[in-house]
Amino acid sequence: MLGGEPTVRDESWHFVDVPGFTRLAFQRVPEGKAGKNRLHLDVDVSDIDRAVGQAVALGARVLGDRHSDAAGTFQVLLDPEGNEWCLVTPPA
């Protein structure tokens, strides 16, 4: 519907690079809906420190420590309603 081709990174993580937009990534979680979002957005950014500052200035809250793995560096945030989402920089 949004364009772009679905890509499977592994069994629990898929994404779509939407033309003219940001990447929409979808990650399966093992637990049922109890407190976690059923939809969790990862927003690709070039400068994670700057993006975190902008998000916090707009009302987001940082949740936990920053994490890095083969897919990049991730910072989990909460929007003003408490929904989790991530800012992500790709691996170097």
Side-chain angles (χ1 to χ4, degrees):
M1 184 186 299
L2 298 174
E5 292 296 319
T7 302
V8 177
R9 186 182 89 186
D10 60 41
E11 293 267 334
S12 66
W13 203 86
H14 302 68
F15 65 90
V16 176
D17 286 324
V18 180
F21 192 60
T22 191
R23 173 175 286 176
L24 294 178
F26 304 90
Q27 183 177 15
R28 185 181 308 269
V29 295
E31 62 274 355
K33 173 70 174 146
K36 227 177 198 185
N37 297 359
R38 297 302 289 178
L39 175 68
H40 176 106
L41 294 178
D42 286 351
V43 178
D44 226 14
V45 297
S46 59
D47 182 334
I48 201 163
D49 290 322
R50 190 171 129 234
V52 167
Q54 290 173 328
V56 168
L58 292 169
R61 290 178 287 144
V62 173
L63 180 64
D65 296 328
R66 200 168 289 175
H67 301 279
S68 295
D69 64 20
T73 300
F74 302 81
Q75 177 62 63
V76 180
L77 297 108
L78 299 173
D79 71 13
E81 294 182 0
N83 298 301
E84 290 183 18
W85 60 288
C86 285
L87 290 168
V88 181
T89 53

Within this structure, what is the [atom1]-[atom2] distance for the pair [X] and [Y], rounded to the nearest 0.5 Å?
{"X": "Leu24", "Y": "Asp44", "atom1": "CG", "atom2": "CG", "value": "11.0 Å"}
{"X": "His14", "Y": "Gln27", "atom1": "NE2", "atom2": "CD", "value": "11.0 Å"}
{"X": "Asp79", "Y": "Trp85", "atom1": "CG", "atom2": "CH2", "value": "8.5 Å"}
{"X": "Leu87", "Y": "Thr73", "atom1": "CG", "atom2": "OG1", "value": "11.5 Å"}
{"X": "Trp13", "Y": "Phe26", "atom1": "CH2", "atom2": "CZ", "value": "10.5 Å"}
{"X": "Leu77", "Y": "Cys86", "atom1": "CG", "atom2": "SG", "value": "7.5 Å"}

Shared hydrophobic cluster, Val88 / Leu63 (ILVMFWY, side-chain heavy atoms < 4.5 Å):
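The answer is no; the residues belong to distinct hydrophobic clusters.
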
I'd like to know if Leu41 and Val18 are part of one continuous hydrophobic network [Ile/Leu/Val/Met/Phe/Trp/Tyr, side-chain heavy atoms within less than 4.5 Å].
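Result: yes, single cluster for both.
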
Closest approach of Pro91 and Ala70, non-hydrogen atoms and distance?
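Looking at all heavy atoms of both residues, the shortest contact is CG-O, 3.3 Å.
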
Which atom pair, heavy atoms only, marks the closest approach of Val62 to Gly64?
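Distance-wise, the nearest heavy atoms are CG1-O, 3.7 Å.
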
Quiz: residues 47-61 side-chain donor-acceptor pairs under 3.5 angstrom, not counting sequence neighbours:
| residue | atom | partner | partner atom | Å |
| --- | --- | --- | --- | --- |
| Asp47 | OD1 | Asp49 | N | 3.2 |
| Asp47 | OD1 | Arg50 | N | 3.0 |
| Asp49 | OD1 | Arg66 | NH1 | 2.8 |
| Asp49 | OD1 | Arg66 | NH2 | 3.2 |

4.5 Å side-chain heavy-atom contact, Glu84 and Leu78:
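Contact flag for Glu84/Leu78 side chains = yes.
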
